[in-house]
Amino acid sequence: MIGANSMFWHEEIETLNRAELEALQLNRLRETVRRLERVPFYRAKFRASRLKPEDLKTADDIRRLPFTTAADLRANYPNALLAVGRDEVLRLHTSSGTTGKPKALFFSRRDIDTAAELIARAFCMTGVTRRDVFQNMMSYGLFTGGLMMHYGAEKVGCMVIPSGPGTSERQLLLMQDFGTTVVHVTPSYAFYFADFLEKKGIDPRKSLTLRKAFVGAEPYTEETRSKIEAALGIEVYNSYGLTEMNGPGVAFECEGKCGMHVWEDNFVLEVIDPATGEPVSDGQTGELVLTSVNREAMPLLRYRTRDLTSIIAGPCACGRTHRRIHRISGRSDDMLIVRGVNIYPQQIERVLMSMPQIGRNYVIQLEGLDEMTVRVELSPSGFDGEVEHLAQLQNLVAEKLRAELFVRPKVDLVASGSLPVAEGKAKRVIDKRSM
Ligand code: DLL
C-alpha cells in the first residue's frame, strides 16, 4: 500500500472495522456533547429535547441532536459558540459568504495539531513523503487553505514553499529553481497556470519536476481533473474541506482516485435529503452533514454544509475503512432556475470540459428576464479564427448544453486568457436578472 511506511499511516485508526469506528465516534460524540453543554446555544437545544450525553447509545442516535446551520454561526458571531476559555484559543479563521458577517471559527492548540495531522495522513495516502517539495498555491490569511495545508505539509516533513496564489511567473521560477514535486491549488488556478505554460512554450513534463497536485476548495468535474492531468502531466487528487470543520483535510482521495475518504475518526458523516432532513441511502445524492467529534475550541453538531454528494458503498482497494464520498456535485444553494428548469453549474462545466476545442475558463451570466449566456474561452492551442467555424463551434456548444440542460443558452466563445481569474475561489455565476 502507498504510504504504508510513513509515520502518518495510522493503520490502527484507518482500518478499524465499522463497529470499532462507530464505538470510537460515539465516545467522542458524547465527549463533544458534554463540552457543548457549556455553550448557551447548544445547552438550550439539549434542554428543549431533554438530551444528555449518556442518552447517545448507538451511531443512529446522532439523529437526536440538532442541526447547526451557517445562519446559526452568523447569529452567534463573533464568539458565542466558543466552547473553551479565551486563553485556550490559538487561532481564528473566517469564512466569508456572499453577504453579511463572516463565519468565525476558533482553534485550540490541539485543534491546530489535529488539523495538521489529518492533512499529513491525507498526503501520505498518495505517497507524499518528507523528500517532497510542496508548493502551496493557496491564499494565506483568514482562509484556511494557506496556513492549514502549510502546517500539514510541514508535519509530513516536506520542504514547504509558501508561494500563495502569486503570479504565474513567480510560481514557475520557484518550481524550476527549487524542484517542486507537489502543489495544492484550486482547479481554476491550475488551468490558468497550465495555459500560462502552454503560451510560454514550456512543456511541464520536460522542464518541471511536478508529480502531483491536490486540487480543491472549489467544485470541479471529473472532466476537469482529466484536463488538468493531461495539461500538466501529473496526478490530480481531490481535496475537500470547509472552515467550519478545520478547513482542508476533511476528505481526501487515496491513490485509487475513487472518491474521497472522510476521516471518520474526526467527523461523523451523514448525507440527508435537504428538504426533509432524513438520511438518503448510500449512492443517493443529498446534502453532506458533518459533526466534528474531535474539536476542542468550537465543535459543531450536524453542520449543514449545503454540499451535495453521495456515500460510496463498499470497501476501498487501498484498505482504509473510512467511508468515501463522491466529488461534490454542487451546492444545494447554487442551483439556478432558468426558465423553470433546475440547473447546476457543474452540469455546464462537464459539457464544456469534454470538448477539446474549448479552453479552461468560463462564466455563466444570467440577465434580463431569464437569459443565460455561457462565456467560455477557446483552447489556448488556438482556433483558426474563421468566423464561419467559430459560429459553427458556438452552435455545437449551445446544442450540447441544450441536450444536458434542456435550456439552450447563448454561447459566447472568447480568446484564451481573456476572462478574469480570481486569486481565491472562482466566481462562475453572475446573476444580474431583473426578476
Ligand atoms: O475551501 C477549505 C479548503 C481549503 C478545502 C483548501 C480544500 C482545500 P471554505 O472557504 O470554508 O473552506 O469553503 C468550503 O468550499 O463547503 C465546498 O462548497 C467548497 N469546496 C471545498 N473543497 C471542495 C472540493 C475551504 N474538493 C466550501 N470540491 C465547501 C468541491 C469544495 N467543493
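Just so you know, these numbers come straight off a predicted model, no measurement behind them. Reckoned from all heavy atoms, side chains included, excluding hydrogens, waters and symmetry mates. We're numbering straight along the sequence, starting at 1. In listed order, ligands and their atoms are each counted from 1.
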Audit row: Phe134, His184, ring pair (Phe, Tyr, Trp, His ring centres under 6.0 Å) steps and yes/no: CA-CA 8 Å; Phe134 175 68; His184 197 301; 7.1 Å; no
Pair Gln171, Ser163: side-chain N/O donor-acceptor within cut-off below 3.5 Å: yes
Structural part of His184 in contact with ligand 1, heavy atom criterion under 4.0 angstrom: side chain
Nearest candidate to atom 16 (O) of ligand 1, where distance is taken over non-hydrogen atoms, out of Asp307, Thr309, Val185: Asp307
Heavy-atom proximity to atom 31 (C) of ligand 1, best of Glu244, Met148, Glu218: Glu218
Any side-chain donor near an acceptor of the partner, Tyr220 and Asn238, under 3.5 Å: yes
Ligand 1-proximal atoms of Phe214, by part, heavy-atom distance under 4.0 Å: neither
Gap between atom CZ of Arg86 and atom CG of Leu82 - 0.5 Å precision: 8.5 Å
Per-atom contacts, ligand 1 versus Ser95 - under 4.0 Å to a heavy atom: 11 (O)
Closest to atom 30 (C) of ligand 1 (judged by heavy-atom distance), picking from Pro219, Ala217, Ser139, Gly247: Pro219
Thr243 neighbourhood, listing ligand 1 atoms whose heavy-atom distance to it stays under 4.0 Å: 9 (P), 10 (O), 11 (O), 12 (O)
Under 4.0 Å to a heavy atom of Met138 - the qualifying atoms of ligand 1, by number: 6 (C)
Minimal non-hydrogen separation, Arg324 against Ala313, with atom names: NH2-O, 4.0 Å
Under 3.5 Å side-chain donor-acceptor pair for Thr224 and Glu349: yes
Ligand-residue contact atoms, ligand 1 with Gly216, heavy atoms, under 4.0 Å: 26 (N)
Ring centre gap for Phe123 and Phe214 strictly below 6.0 Å: yes
Ligand 1 atoms in contact with Thr144 (distance to a heavy atom under 4.0 Å): 2 (C)
Straight-line distance of Asn266 CG to Arg295 CZ, nearest 0.5 Å: 10.0 Å
Nearest option to atom 1 (O) of ligand 1, as decided by whichever heavy atom of Met245, Glu253, Arg306, Lys425 sits closest: Lys425
